[in-house]
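Lettering follows sequence order; numbering is per chain, from 1.
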Amino acid sequence: MKMKIILKDIPDLHRIGVYESNGGYSAFRKALKEMSPDEVTNEVKNSNLRGRGGACFPTGLKWTFMPKNSDKPKYLCCNGDESEPGSFKDREIFEKNPHQFIEGVLLACYAMGIKSAYVYIRGEYYKWINLLQAAIDDAYKKGYIGKNILGTDFSTDVYIHRGAGAYICGEESALMNSIEGKRGYPRVKPPFPAANGLWGCPTTINNIETLANVPEIIKNGAEWFSKIGAPKHPGTLLFGVSGHVNKPGVYELPTGTPLMKIIEDYCGGITGGKEIKMVIPGGSSMPPLTKEECLKANMDNESLKEFGSSIGTAGVMVMDEDTDILKVLIRIAKFYYHESCGQCTPCREGTGWLLRVLKRIDDGKGRLNDLELLTSVAQNIEGNTICALGDAAAWPVKWTVKKFREEFVKRIPKDEIDVPVLNKVHSLR
Amino acid sequence: MQLFNEEELKRIEEIKSHYPDARAALLPVLWMVQEKEGWISPDSMKYAGDLLGVPYEHILGVVSFYTMFNNQPRGKYHLQICTNVSCMLRGGYELYNYVSEKLGIKNNETTADGMFTIEEVECLGSCATAPMMQVNNKEYYENLDTVIIDNLLKKFGKSITTENTETTEKN
């Protein structure tokens, strides 16, 4: 099924004129004219659209958490931090279809009664920040953003806030701190952003891709959207495929598309005709899939649960039979060690332990019980931190060691004496 | 110190109007400082603090938190090469080592002539176009190999006299 909601095959769609002549901003016009804010929210809720940032939270439900009558201003944060290794989908939206994202922002603002939206984009995306700013400027000129939009009493502003290189700022509460001009430290929840977000005001945070889906839902209806792809996780996903494939890139496909179909039919198979060894299905924090699992996996959140994994940001990293899994895991562990903000001890210290234990295995100084030690440290990070970065650091280690145990065992010297007691001191419990 | 001219100060006022609290303009203002000076010195931190009513200590904390803010001077060309998994699978480390050896500098070091700084960086969202390099926190150069790198370095090396920082996107 050829189904494209966001990355449509229309030349020059990034130009506002082309976007308009292809039905662009008609959903927003329709909402302003014919729909109440609640009707917009309900449509999104009924579509069963789920967040595309990794947590798969139902978007419409999230919108309903915003207080209807608030003395304080309300804010929308659009999360374009996109720093999860293996994710590169939002930049495609900024480049190919920025106005559909902007229209989604406007619909969200209308639905929740928001007057200021901040688009947080990672600092490295300088080119894409400029592209989006140009699109926002055009939308202002045409009267889609600003005061008394299209002659109504609805007004809203859209601003870009450039990040400065911190993975953690993709975490929603760290993102808000970063907008406020602070270090990007995640906040303790509750209170949740809908009650106490930016500057203590009600705030909703949505992913760029999530918002880009909204105009088509309003235009075509919730039912239409809910029937695309996997029923429990409907719509399309922008799969960003990288690693050992012949044609890496971003492919928009319905949720539930078999992983091997993506790799074989769209990405032209594995480079050099080799076999698959491991695939990370949704950015580096997601548990990996073995070759056998890849053959069975469908790419939606519910299906991947079966393999202990999750869709994440749909950043698919493909590794061939010659890949050194230990080296890959060391690189992932190094990333989380570098990006831990340092607030919570389990994450700050634990990520370093994981890295050092993995490195000693790589140096040929590993012990057999290091594998249990890795699992134990990972489990003591997981769930014991303010934000999900701890989980993101723990999952790949825990699951890679579990699913690819042989890859680690073969690197451990046979004559090494096992010293389980020695490592007991590392246990936190 | 008076870092910004009138036009830039006007721009800062405009940025401040985006937020209900002027302190939120800190990241944009720090970007402007770095754009102008190449790095963010303690003096310019104090200057930015005076503009926005933010204590120096807070700014120091912010500058040291975000990896893209340089709290020390960098070479004229700050070369940032990604070695995260997707790049690593397609030769990110080979590229990094090649550039490092060619320039004779290690991670976060600057060449003696002040031309190049090399830095190993985390995923920059160029996974399908790996390996890649970012220059001066702005331009992406993607699908790199040693031939392209050689040409790029030659070009950068030449522009020392012409001040030509214009670059072409390789997609």
Side-chain angles (χ1 to χ4, degrees), chain A residues 73 82-91 116 118 122-128 157 159 161-169 178-185 198-199 201 240-245 247-250 271 280 284 315 317-320 323 327-328 331-332 334-335 338-339 341, chain B residues 15 17-31 34-35 40 48 52 54 58-70 80 82-90 92-93 120-130 132 134-140 142-143 169 171:
Chain A
E82 185 152 82
S83 300
E84 176 83 2
S87 310
F88 48 102
K89 62 189 180 62
D90 295 342
R91 67 180 252 193
S116 302
Y118 298 98
R122 64 179 304 175
E124 292 90 345
Y125 278 6
Y126 180 76
K127 174 184 164 186
W128 293 274
D157 284 301
Y159 306 111
H161 191 94
R162 185 184 181 191
Y167 167 73
I168 192 62
C169 290
S178 187
I179 291 178
E180 291 182 11
K182 298 171 183 161
R183 289 164 80 95
Y185 280 154
L198 265 180
W199 299 289
C201 300
V241 190
S242 63
H244 296 139
V245 290
K247 290 189 287 179
V250 176
T271 321
I280 298 174
S284 67
M317 299 155 111
V318 182
M319 288 156 236
D320 71 21
T323 310
K327 285 256 192 303
V328 169
R331 192 62 190 82
I332 293 174
K334 185 182 169 197
F335 172 76
H338 180 257
E339 298 297 337
C341 81
Chain B
I15 293 170
S17 75
H18 297 176
Y19 309 96
D21 182 340
R23 290 175 292 182
L26 182 56
L27 262 64
V29 168
L30 289 175
W31 271 120
Q34 183 157 305
E35 190 82 353
I40 304 172
L52 301 172
V54 182
H58 177 89
I59 301 187
L60 190 62
V62 168
V63 170
S64 60
F65 185 84
Y66 295 94
T67 53
M68 290 183 85
F69 288 144
N70 303 329
Q80 296 159 303
C82 171
T83 59
N84 207 301
V85 177
S86 295
C87 275
M88 171 183 159
L89 296 172
R90 298 177 82 93
Y93 273 107
E120 179 187 356
V121 291
E122 297 297 352
C123 184
L124 299 184
S126 249
C127 314
T129 37
M132 67 85 68
Q134 185 192 35
V135 178
N136 291 345
N137 288 328
K138 274 185 185 168
E139 294 90 3
Y140 276 24
E142 302 175 304
N143 289 318
E169 201 81 23
N171 268 318

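- Across B:C127 and A:S242, no two heavy atoms sit closer than the pair O-CB, 3.4 Å.
- For a residue to count as touching a neighbouring chain, one of its non-hydrogen atoms must lie under 4.5 Å from one of that chain's; by this rule A:V328 touches chain B with backbone and side chain alike.
- When each of A:C201, A:S116, A:G240, A:G163 is scored by its heavy-atom pairs under 4.5 Å with chain B, the top score falls to A:G163.
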Derivation and outcome, side-chain contact (heavy atoms from CB on, under 4.5 Å), residues B:V85 and A:M319 = CA-CA 10 Å; B:V85 177; A:M319 288 156 236; 4.2 Å; yes
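- For the set A:Y185, A:Y167, A:Y125, the count of heavy-atom pairs under 4.5 angstrom toward chain B peaks at A:Y125.
- Only the backbone of A:S87 comes within contact range of chain B, with heavy atoms under 4.5 Å apart.
- How far CZ of A:R331 is from OG1 of B:T83: 3.5 Å, rounded to the nearest 0.5 Å.
- In terms of heavy atoms, A:W199 sits closest to B:D21 at NE1-CB, 3.5 Å.
- In this structure, chain A has a heavy atom under 4.5 Å from the backbone of B:V121, while its side chain stays farther away.
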inquiry  = The test is side-chain contact (heavy atoms from CB on, under 4.5 Å); show your working for B:Y66 and A:C169 and say whether it passes.
reply    = CA-CA 10 Å; B:Y66 295 94; A:C169 290; 3.7 Å; yes
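- Considering only heavy-atom pairs separated by less than 4.5 Å from chain B, the leading option among A:S83, A:A166, A:S178 is A:S178.
- Side-chain contact between B:L124 and A:R122 is present, with at least one heavy-atom pair separated by less than 4.5 Å.
- To the nearest 0.5 Å, atom CE of residue B:M132 and atom CZ of residue A:F88 are 12.0 Å apart.
- In this structure, OH in A:Y118 is found 8.5 Å from NE2 in B:H18, a value given to the nearest 0.5 Å.
- Going from atom CD of A:E180 over to atom CG of B:L27 covers 12.0 Å, rounded to the nearest 0.5 Å.
- Here the NZ atom belonging to B:K138 is positioned 15.0 Å from the NZ atom belonging to A:K127, to the nearest 0.5 angstrom.
- Your options are A:E84, A:H161, A:K334, A:K89, and the one with the most heavy-atom pairs under 4.5 Å with chain B is A:H161.
- When A:H244, A:M317, A:E82 are compared by the number of non-hydrogen pairs under 4.5 Å with chain B, A:H244 comes out ahead.
- Taking the charged nitrogens against the carboxylate oxygens, B:E142 and A:R91 do have a contact shorter than 4.0 Å, which makes a salt bridge.
- Residue contact with chain B, scored on non-hydrogen atoms closer than 4.5 Å, involves the backbone of A:V318 exclusively.
- With a threshold of 4.5 angstrom between heavy atoms, B:H58 approaches chain A through side-chain atoms but not through N, CA, C or O.
- Across all non-hydrogen atoms, the minimal contact from A:R183 to B:S64 is NH1-OG, 3.5 Å.
- At a 4.5 Å heavy-atom cutoff, the contact between A:F335 and chain B is made by backbone and side-chain atoms alike.
- Residues A:Y159 and B:Y19 form no side-chain contact, since every pair of their non-hydrogen atoms from C-beta on lies 4.5 Å or further apart.
- Top candidate by heavy-atom pairs under 4.5 Å with chain A, chosen from B:P28, B:A25, B:S126, B:C82, is B:S126.
- Not one N or O on the side chain of B:R23 forms a donor-acceptor pair closer than 3.5 Å with the backbone of A:G181.
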Stepwise side-chain contact (heavy atoms from CB on, under 4.5 Å) test for A:E124 and B:Q80 = CA-CA 11 Å; A:E124 292 90 345; B:Q80 296 159 303; over 6 Å; no
query = Please walk me through it: do B:F65 and A:I168 pass side-chain contact (heavy atoms from CB on, under 4.5 Å)?
reply = CA-CA 11 Å; B:F65 185 84; A:I168 192 62; 3.7 Å; yes
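- The two residues A:P85 and B:C123 have their closest heavy-atom pair at CA-SG, 3.5 Å.
- In this structure, OH in B:Y140 is found 5.5 Å from CH2 in A:W128, a value given to the nearest 0.5 Å.
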